[in-house]
Amino acid sequence: MERYDARKIEAKWQRIWAEEGTWEVANPGQPGFEPDRPKAYVLEMLPYPSGEPHVGHLKTYAVGDAIAHFRRRHGFQVIHPMGYDSFGLPAENNAIKTGEHPRAATEASIESFRRQFQEWGISLDWSRELSTHSPSYYRWTQWIFLRLFERGLAYRAMAPVQWCPKDATVLAHEQVIDGRCERCGTPVEQRNLEQWFFRITDYAERLLADFERLETWPEHVITMQRNWIGRSEGAEVTFRCEELGVDFPVFTTRPDTLFGATFFVLAPEHPELEAMVAGTAAEGAVREYVNQVAREAVEERGDEGRPKTGVALGRTVTNPVNGEEIPVFVADYVLMDYGTGAVMAVPAHDQRDFDFAQAYDLPVRQVIRQAKRGSAESAAAVSEGIPPKQDGAELPYLGDGEMVNSGQFDGIGNREAFAEIVGWLADQDRGSEAVNYRLRDWLVSRQRYWGAPIPILYCGKCGMVPVPDEQLPVLLPEIEDYSPQGRSPLAAAEDWVATECPQCGGPASRETDTMDTFVDSSWYFLRYLDPGNERAPWDREVAAYWMPVDQYIGGVEHAILHLMYARFFTKALTDMGHLDAQEPFANLFAQGMITRDGAKMSKSRGNTVSPSDFIERYGADSARTYICFMGPPERGGDWTDEGVEGVHRFLARLWRLGLEVAALASKVEPDPDRGNGEALALRRKAHWAIEKATRDFERGFQFNTVIAAVMELVNEAYRLKDGLLGEPSGVAALSFAARTAASLIQPFAPHLGCEIYERLSGGERLTEQPWPQADPAMLQSETVTVAIQVNGKLRDRVEAPADASEADLVALADASPNVRRHLDGKEVVKRVVVPGKLVNVVVR
RNA sequence: GCCGGAGUGGUGGAACGGUAGACACGCGGCCCUCAAAAGGCCGUGCUCGAAAGGGCGUGUGGGUUCGAUUCCCACCUCCGGCACCA
């Protein structure tokens with residue numbers, strides 16, 4: 001018999017698909033567009049091309065492709081495109097080391113990615129392929145930048161930024177991990193630079209509110225984003241330094257504790273700090289402290305439980321609620337990035353303020369008291385899980401209670417006082433209700449070569465001037481030296497930098513920063529829809545047809561940044577009238593990471609798995625099916641070589657079954673009658689497999705159990721095979737089973753599925769067949785096994801007709817000698833009957 | 001500390017509140033073979049028993065239920081994320 005030669009079968013089908021352009025879909029209005037079919041946009045996160053694809057990529061595209069096939073066979077017109085996130089640091093670092101142009105390394109890698117995706121047989125519409133580093137793409141990245149700029153959503157600001165001394169580049173806060181550069185691990189320093197930002201904080205509220213609009217997103221991803229945005233409600237209150245006439249607004253989540261403020265703290269980076277101490281006795285000490293903090297690695301500053309340090313400024317500010325003068329300090333536990341960079345310190349009701357007060361011997365004034373025992377508040381407090389505490393017990397007291405030492409607010413509950421104090425402050429014009437976010441604006445400037453140039457000019461006369469749309473793209477210049485010397489490598493291309501102002505015609509110079517690669521990947525899903533458009537980034541009608549992405553698939557590691565940025569872009573573009581979508585991704589599937597020997601794969605551990613090795617040996621179908629069989633795809637999984645072999649053995653079995661049945665079907669005229677006995681049993685099994693596979697597929701892509709169901713079907717066909725080959729209805733049943741198995745396995749092993757189906761059906765194309773439907777009548781067997789329990793413990797099993805009544809089942813249970821033995825003279829209290837399944841006899 | 005998620009055989013993992021361990025890996029036995037590879041069949045939670053048949057079993061302790069891996073409460077452990085956020 002012809003043996004299962006995966007390479008040969010896969011090459012055949014890949015050639016057919018490439019020649020036919022099987023997976024290409026047309027846009028509305030174009031020839032080939034099918035207006036009657038519903039659309040489905042299936043998209044995996046685009047890869048960053050570096051070297052060769054790894055197993056993680058294989059998993060993403062194996063999962064996504066299974067979904068694409070499943071949707072197609074449910075009648076959808078599936079758009080399933082591919083591209084490359086091809087700007088970025090590794091290519092540039094390689095260029096610095098070797099002098100090779102980043103474009104050369106990147107394009108070589110893209111070539112290798114493309115070849116492997118084709119070898120994996122992923123059903124992609126290659127006519128829509130794109131790379132973010134090509135001028136025809138980044139032209140429109142720049143175009144979007146200009147639109148954001150016009151709208152005031154892109155702005156320039158001096159900001160203390162994180163500086164990686166090794167890469168000589170600015171890092172976004174998000175790229176600093178434990179005070180170290182996310183990419184190279186070097187401890188970061190602080191620097192002040194003029195930077196470009198996107199005003200994502202303007203969208204904080206909508207980014208939160210629109211979680212409502214999403215269909216199925218994993219709950220934990222939403223939670224992570226919600227925490228990242230970090231909305232908190234409170235009040236903004238202004239403390240004033242009368243001596244200097246400087247106002248210090250602070251944000252507090254606890255306006256109810258305002259009367260307990262006994263001192264005031266500024267962040268070391270606070271802009272008013274210098275004015276506060278200039279010419280005073282404290283000036284020297286404060287300056288020294290600030291310098292010391294600046295020298296400290298950010299990581300140390302973030303250590304929990306670190307002793308509080310700070311310096312008194314010798315100044316006071318006025319507490320607006322009671323007119324008290326309270327001393328001002330500078331301390332590094334206050335962060336410039338959050339709120340206003342200044343806090344009112346309430347040591348009695350905040351752990352950090354308390355620690356600081358202890359260290360500097362400052363007064364502590366309690367303003368909330370544990371409600372008295374037996375009082376209404378106490379009962380309420382207890383019911384909310386607050387441990388009962390004696391009056392004046394340990395401070396800081398973080399719970400709720402009754403207001404004390406708070407003037408006219410004494411005696412009421414602190415929750416009520418919260419609103420009343422805010423109202424009173426507003427009336428008195430001393431403060432207002434306020435909402436604060438943890439989310440910060442998105443820093444997009446990079447002092448890097450390998451990115452999209454920011455399309456802005458600086459003219460001596462006109463100032464900052466956007467590059468006119470018709471002059472886009474601003475092409476990257478060719479340069480010799482890629483290493484950043486504290487400025488962008490683009491600055492070295494002097495001919496490029498020097499240009500003409502489009503407004504006055506005078507000399508102007510170009511912006512030399514490039515954009516964060518997250519900008520490129522925040523809109524690529526729109527460009528796929530209309531990749532050849534030279535007049536606009538996309539046609540609005542076309543985008544309206546395909547958007548939103550119906551199923552987005554990718555690693556959890558992008559759960560926050562990429563997804564949040566793409567959501568922001570979508571909303572901003574829609575607000576500006578270029579798009580009609582509030583959310584880019586209706587459904588998100590976050591898949592887990594593949595490990596090897598229980599550890600994340602990495603070159604240093606030497607436990608990497610190269611997909612090409614396995615595809616060489618077992619074929620793409622085996623590798624893809626194995627990855628989907630390892631476990632629920634949203635979870636991680638540990639790769640074992642034996643596992644792939646097991647799946648390969650199964651596919652080979654299915655192959656042999658198909659061939660054997662095809663050979664026999666040509667000799668014996670199959671009888672389409674359902675047959676009886678084993679033939680019927682096998683047909684039932686096939687219908688059961690269809691039912692099970694379909695349900696688990698729809699229920700959150702439980703691919704492992706889908707594949708298991710197909711394996712069960714094939715095993716059953718094998719066991720019954722010899723008895724069925726002789727008779728026509730048996731051959732028909734076997735043929736049905738083999739066709740069903742091929743059909744159900746096709747989303748995972750598309751080549752093999754198509755090949756077997758073609759041979760069994762006399763040339764039909766499986767990918768054009770609808771997904772099989774189970775016949776409900778066939779799911780019911782004529783007899784059922786009834787389990788009989790006594791007090792919940794299984795005591796016997798008996799066969800009964802499928803249509804047996806409850807009374808029949810009870811009679812069966814009573815007749816069982818095994819059950820009798822266990823009744824042991826006890827009184828039967830009641831019987832629970834689950835029809836056709838189980839009889840539970842409850843005794844006393 | 002906070003927020004997510006998870007604890008089931010030797011292993012990966014299955015189980016609408018209803019026969020726990022599907023499917024697969026591994027292991028053992030048998031068949032085929034001169035032999036091997038490939039393939040096929042059977043067995044495989046622990047435990048007592050020759051067998052029939054028992055007992056115990058889903059991290060721990062409680063609860064709801066005729067019946068709990070599943071629902072509720074408390075705790076333990078592991079993984080992921082965030083963390084001086086005012």
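Numbered from 1 within each chain, the chains take letters A, B, ... in sequence-line order. Atoms considered below: every heavy atom in the structure, side chains included; atoms not considered: hydrogens, waters and symmetry mates.
- Backbone-only contact: A:Arg656 has heavy atoms under 4.0 Å from sugar-phosphate atoms and none from a base.
- Salt-bridge check for A:Asp696 with A:Arg699: passed, with a basic side-chain N closer than 4.0 Å to an acidic carboxylate O.
- As the counterpart of B:rG7, B:rC76 is assigned, both hydrogen-bonding distances of the Watson-Crick or G-U wobble pattern falling under 3.5 Å.
- B:rG28 is paired with B:rC42 under the criterion used here, namely a Watson-Crick or G-U wobble arrangement in which both key atom distances are under 3.5 Å.
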All N/O contacts under 3.5 Å from nucleotides 3-10 of chain B to the protein, with atom names and distances to one decimal?
none

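- Residue-level contact check: A:Arg795 touches the backbone only, with heavy atoms under 4.0 Å from sugar-phosphate atoms and none from bases.
- Backbone-only engagement by A:Arg699 is indicated by non-hydrogen atom pairs under 4.0 Å involving sugar-phosphate atoms exclusively.
- OP1 and OP2 of B:rC85 both lie 4.0 Å or more from every side-chain N or O belonging to A:Arg254.
- Every residue meeting the ring pair (Phe, Tyr, Trp, His ring centres under 6.0 Å) condition with A:Phe239, not counting sequence neighbours, appears here in chain and number order: A:Phe264.
- Under the side-chain hydrogen bond (donor to acceptor under 3.5 Å, both in side chains) criterion, A:Asn414 pairs with A:Asp256, A:Asp400, not counting sequence neighbours.
- In this structure, the NZ atom of A:Lys692 is 11 Å from the C1' atom of B:rC16, given to the nearest Å.
- Shown here, B:rG57 forms no base pair; nothing in the strands shown gives a Watson-Crick or G-U wobble contact with both key distances under 3.5 Å.
- Under the rule for a side-chain contact (heavy atoms from CB on, under 4.5 Å), the partners of A:Glu678 that lie at least two apart in sequence or sit in another chain are A:Leu720, A:Leu724.
- In this structure, A:Lys308 satisfies the cation-pi test against A:Tyr333, with its NZ or CZ atom closer than 6.0 Å to the six-membered ring centre and inside 45 degrees of the ring normal.
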Heavy-atom protein contacts under 4.0 Å, nucleotides 19-29 of chain B, coded B base, S sugar-phosphate only, - none: B--BBSSS---
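- Applying the 4.0 Å criterion to OP1 and OP2 of B:rG54, one finds that A:Arg821 has a side-chain N or O inside that range.
- Sequence neighbours left out, the pairs with a member in residues 828-841 of chain A that pass salt bridge (Lys or Arg N to Asp or Glu O under 4.0 Å) are A:Asp814-A:Arg831.
- The ring pair (Phe, Tyr, Trp, His ring centres under 6.0 Å) search around A:Tyr718 returns none, not counting sequence neighbours.
- Straight-line distance between the P atoms of B:rU60 and B:rC66: roughly 24 Å, to the nearest whole Å.
- The NE2-C1' distance, from A:His648 to B:rA37, rounds to 14 Å in whole Å.
- A 3.5 Å limit on both hydrogen-bonding distances identifies no Watson-Crick or G-U partner for B:rC84.
- For B:rG12, the paired base is B:rC23 (Watson-Crick or G-U wobble, both distances below 3.5 Å).
- Among the protein residues, A:His822 comes within range of the sugar-phosphate backbone only, with heavy atoms under 4.0 Å from sugar or phosphate atoms but none that close to a base.
- Between A:Leu809 atom CG and B:rG18 atom P the separation is 18 Å, expressed in whole Å.
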Residues A:Ile690, A:Leu744; criterion side chain to side chain contact (heavy atoms under 4.5 Å, CB included); working and verdict: CA-CA 7 Å; A:Ile690 292 168; A:Leu744 295 176; 4.2 Å; yes
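- Residues meeting the ring pair (Phe, Tyr, Trp, His ring centres under 6.0 Å) test with A:His270, sequence neighbours left out: A:Phe248.
- Not a single ring pair (Phe, Tyr, Trp, His ring centres under 6.0 Å) links A:Phe650 to another residue, sequence neighbours left out.
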